[in-house]
Amino acid sequence: MGAKELEQAAASIEKIRLLRVRPPRDMAAAGVVGELRAQLEKEIKESKGMGEAWRTVAPDDLRDQGRVKSFQRGELTVVAANESVGYLIKLWLRDGGELMLAGCAPGTLKKGVVKVGSGAGESER
């Protein structure tokens with residue numbers, strides 16, 4: 001094999017290598033997606049599946065304005081968007097909503113607590 005043939009073979013191998021190399025991944029959204037995933041996993045763990053029960057059982061007008069924060073020791077904590085929504089959620093829980101949620105609970109639901117705000121440091125109502 002001559003020098004020219006070796007150069008052609010090396011060029012062919014290099015061409016194949018370039019075709020096999022994958023372009024680097026764009027990881028720009030990875031941090032945001034990772035944070036969102038961690039937040040959702042934490043919420044699911046704290047609510048023990050009661051978040052899905054809330055989305056299924058709660059009335060349409062309250063469903064998107066409240067969310068289940070936690071379900072611990074029989075106490076379901078629902079965070080309302082504002083005071084008026086918190087009041088409406090409390091009324092709904094008293095008027096049978098608590099019984100409907102109890103049917104979906106993985107354990108005994110003793111009481112429902114409504115809090116107003118983002119979920120951290122809000123006042124209990």
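Put simply, the side chain of E98 gets close to the backbone of G112: a donor and an acceptor are under 3.5 Å apart.
The CD atom of Q72 sits 7.0 Å away from atom CD of E46, with the distance rounded to the nearest 0.5 Å. A distance of 8.5 Å separates OG1 in T77 from NZ in K111, rounded to the nearest 0.5 Å. With values rounded to the nearest 0.5 angstrom, E43 atom CD is found 10.5 Å from S70 atom OG. Remark: I13 CD1 to L18 CG distance equals 12.0 Å, nearest 0.5 Å. Within the model, atoms OG1 of T108 and CD of E75 stand 14.0 Å from one another, a figure rounded to the nearest 0.5 Å.
Other members of the cluster containing L36 are L40, with ILVMFWY side chains joined at under 4.5 Å, either directly or via other members.
Between D61 and W92 the shortest side-chain heavy-atom distance does not fall below 4.5 Å. A 4.5 Å side-chain heavy-atom check between C104 and T56 finds every atom pair outside the cut-off.
Considering all non-hydrogen atoms of both residues, A80 and I89 come closest at CB-CD1, 4.0 Å. Between L62 and W54, the closest heavy-atom pair is O-CZ2, 3.7 Å. The two residues M50 and P106 have their closest heavy-atom pair at SD-CD, 3.7 Å.
Cluster membership for M100 and L93, using ILVMFWY side-chain heavy atoms within less than 4.5 angstrom, is shared.
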(message) Evaluate F71 against L109 for side-chain contact (heavy atoms from CB on, under 4.5 Å), listing each step before the verdict.
(response) CA-CA 8 Å; F71 180 60; L109 176 61; 3.6 Å; yes
(request) Using the side-chain contact (heavy atoms from CB on, under 4.5 Å) rule, take E41 and Q39 through it: C-alpha gap first, then chi angles, then the decisive distance, then the call. (result) CA-CA 6 Å; E41 287 175 353; Q39 180 183 357; over 6 Å; no
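R55 has a carboxylate O that lies under 4.0 Å from a charged side-chain N of E52, or vice versa, which qualifies the two as a salt bridge.
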